[in-house]
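Quick caveat: nothing in here was measured; it's all calculated off a predicted structure. Excluded from the calculations below are hydrogen atoms, water molecules and symmetry mates; all remaining heavy atoms, backbone and side chain alike, are included. Read the numbers this way: they start at 1 and go in the same order the structure lists the ligands and their atoms.
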Amino acid sequence: MAKERLYLFDTTLRDGAQTNGVDFTLADKLAIANMLDGLGIDYVEGGYPGANPADTELFAKDRKLKTTFTAFGMTRRPGRSASNDPGLAALLDAHADAICFVAKAWDYHVKVALETTNEENLASIRDSVRAAKAKGREVLLDCEHFFDGYKANPNYALACAKAAYDEGARWVVLCDTNGGALPHEVKEIVGEVCKAIPGDHVGIHAHNDTEQAVANSFAAVRAGARQIQGTLNGLGERCGNANLVSLIPTLKLKKEFSERFDIGVSDAALKQLTHVSHALDERLNRAPDRHAPYVGTSAFATKAGIHASAIMKDPATYEHVEPETVGNKRKVLVSEQAGRSNVLAELERIGLKVDKNDARIGRLLEIVKEREGIGYAYEAADASFELLARRTLGTVPNYFDVTQFDVNVEQRNNAKGERVTVTMAVVKVRVGDDNMISAAEGNGPVNALDLALRKDLGKYQKYIDGLKLADYRVRILNSGSEAVTRVLIESEDEAGEHWTTIGISPNIIDASFQALMDSIIYKLVKSRAPA
Ligand SMILES: [Zn+2]
């Protein structure tokens with residue numbers, strides 16, 4: 001049986017840009033649009049031309065994307081003609097393949113917010129769709145507050161949707177603007193709409209205010225809708241939009257959907273999903289959600305010993321899908337509750353061949369427990385665990401020694417009489433027979449130390465050129481006079497791979513230094529740098 005086509009519409013750059021604390025530059029928008037294009041998203045909504053300079057610029061020329069690049073804006077204002085509305089004119093002039101109009105679908109809003117008549121609102125929808133069609137654009141209509149509007153006045157909400165469809169709009173999108181609709185309501189109302197408008201012209205735009213935006217999207221599909229709107233990582237105002245990063249793997253990997261529908265995302269592109277999700281967070285300068293479904297670092301992590309031994313025998317025992325399908329990794333956590341089986345499973349995952357009766361495994365387990373007792377948290381620091389395991393098994397070369405380091409923080413007046421804090425680090429490194437001294441200024445002691453350490457590693461420098469710090473987290477453990485500082489450093493390399501290292505010390509600089517060293521050595525091991 002031929003599969004039906006289900007379309008994905010991304011609004012990260014428009015609705016997602018409403019997220020508190022998110023402010024996309026033109027460069028951000030172009031980079032994200034390209035990522036979405038590479039993923040195979042059918043529609044990418046770039047923004048609202050005419051509303052701000054970045055969006056106007058974005059649509060000032062053809063961006064040459066495979067996706068249907070879509071501009072967003074309002075239908076013509078009430079009481080004006082389509083040809084005499086500057087907002088509509090800017091939208092029609094935008095270099096876009098499609099135009100997505102937003103219109104009121106709730107009579108209460110038509111009266112209170114638009115201060116116009118129901119009939120004039122319908123005329124505005126018809127005129128705007130007609131004008132965009134005349135310009136050769138594919139047309140979508142976002143029906144704002146559709147579900148609340150439908151509950152208040154089903155005939156009018158439907159009339160708004162029907163007006164656009166009858167005028168030739170490719171899609172009529174039902175928006176749960178307040179995000180308060182529940183899955184059974186969405187299913188029922190979308191089912192009713194699909195009796196009047198064919199489902200392959202109906203879309204769903206859900207918000208996550210009851211944490212059911214993804215569930216609502218699937219409810220709409222079950223009721224006949226064939227376009228889903230959402231954002232990467234569920235970005236969006238308040239609680240966000242439907243999360244495409246959760247929707248896509250479910251559509252691809254769960255039989256209910258995969259046997260019935262084709263989507264534009266290929267199996268190969270699906271493997272990029274974890275990377276795309278993390279790359280977006282990086283651009284937003286925030287740490288990825290560890291517990292995000294499918295793509296979080298904990299999504300396929302198992303802690304308890306009994307689960308770990310089962311996972312080693314057959315991963316399917318505790319995994320609903322294979323982590324590799326979405327570009328994620330299986331992880332067996334080593335922790336205080338760790339048994340021998342966790343350690344063995346983790347060694348196998350990182351590719352360390354060792355006999356399961358090898359005495360060094362018992363030794364490794366002892367060291368892990370001892371260190372976790374003083375504050376190390378290896379389940380959060382995969383790379384430090386791998387180094388510890390490799391060292392215990394004797395496979396990490398001694399690449400270089402830091403023979404001395406010095407960090408200096410000075411506060412003083414500069415030449416202009418301003419109060420400034422200047423930080424500088426000096427690091428002495430021995431690589432083979434070569435002794436090197438590097439110095440660097442930083443915006444803080446750890447930054448200065450990091451820069452100095454990575455400035456010159458002699459023959460190893462080429463392996464760490466692409467290394468950078470992605471996240472730095474500090475926590476003080478055992479408050480009081482016994483306090484120790486735990487530093488977790490997340491690093492990233494040129495291939496976009498991430499790893500986390502850990503340091504523990506009463507001294508924050510020392511703890512940071514341990515974590516930085518582990519990160520560099522891990523990168524050298526990973527790059528198979530010769531000893
Ligand atoms: Zn929205």
inquiry  = Contact between Ile263 and Phe257 at the side-chain level, heavy atoms closer than 4.5 Å - yes or no?
reply    = no
### Query
Do the side chains of Arg226 and Val221 get nearer than 4.5 Å, heavy atoms only?
yes
At a cut-off of 2.8 Å, protein N/O/S around the Zn ion (ligand 1) gives Asp15 OD2, His205 NE2, His207 NE2
- [ ] With the side chain counted from C-beta on, respond yes when Leu58 and Leu26 share a heavy-atom pair under 4.5 Å apart, and no when they do not.
- [x] yes
Looking only at heavy atoms, the pair that brings Ala220 and Val190 closest together is O-CG1, 3.6 Å
Does Asp142 reach the side chain of Phe101, with side-chain heavy atoms less than 4.5 Å apart?
-> no
Check residues 44-53 and write down every donor-acceptor pair under 3.5 Å in which the side-chain atom is one partner and the other belongs to a residue at least two apart or another chain.
{"unit_1": "Glu45", "atom_1": "OE1", "unit_2": "Thr11", "atom_2": "OG1", "d": "2.7"}
{"unit_1": "Glu45", "atom_1": "OE1", "unit_2": "Arg14", "atom_2": "NE", "d": "3.0"}
{"unit_1": "Asn52", "atom_1": "OD1", "unit_2": "Ala54", "atom_2": "N", "d": "3.2"}
{"unit_1": "Asn52", "atom_1": "OD1", "unit_2": "Asp55", "atom_2": "N", "d": "2.8"}
{"unit_1": "Asn52", "atom_1": "ND2", "unit_2": "Asp55", "atom_2": "OD2", "d": "3.4"}

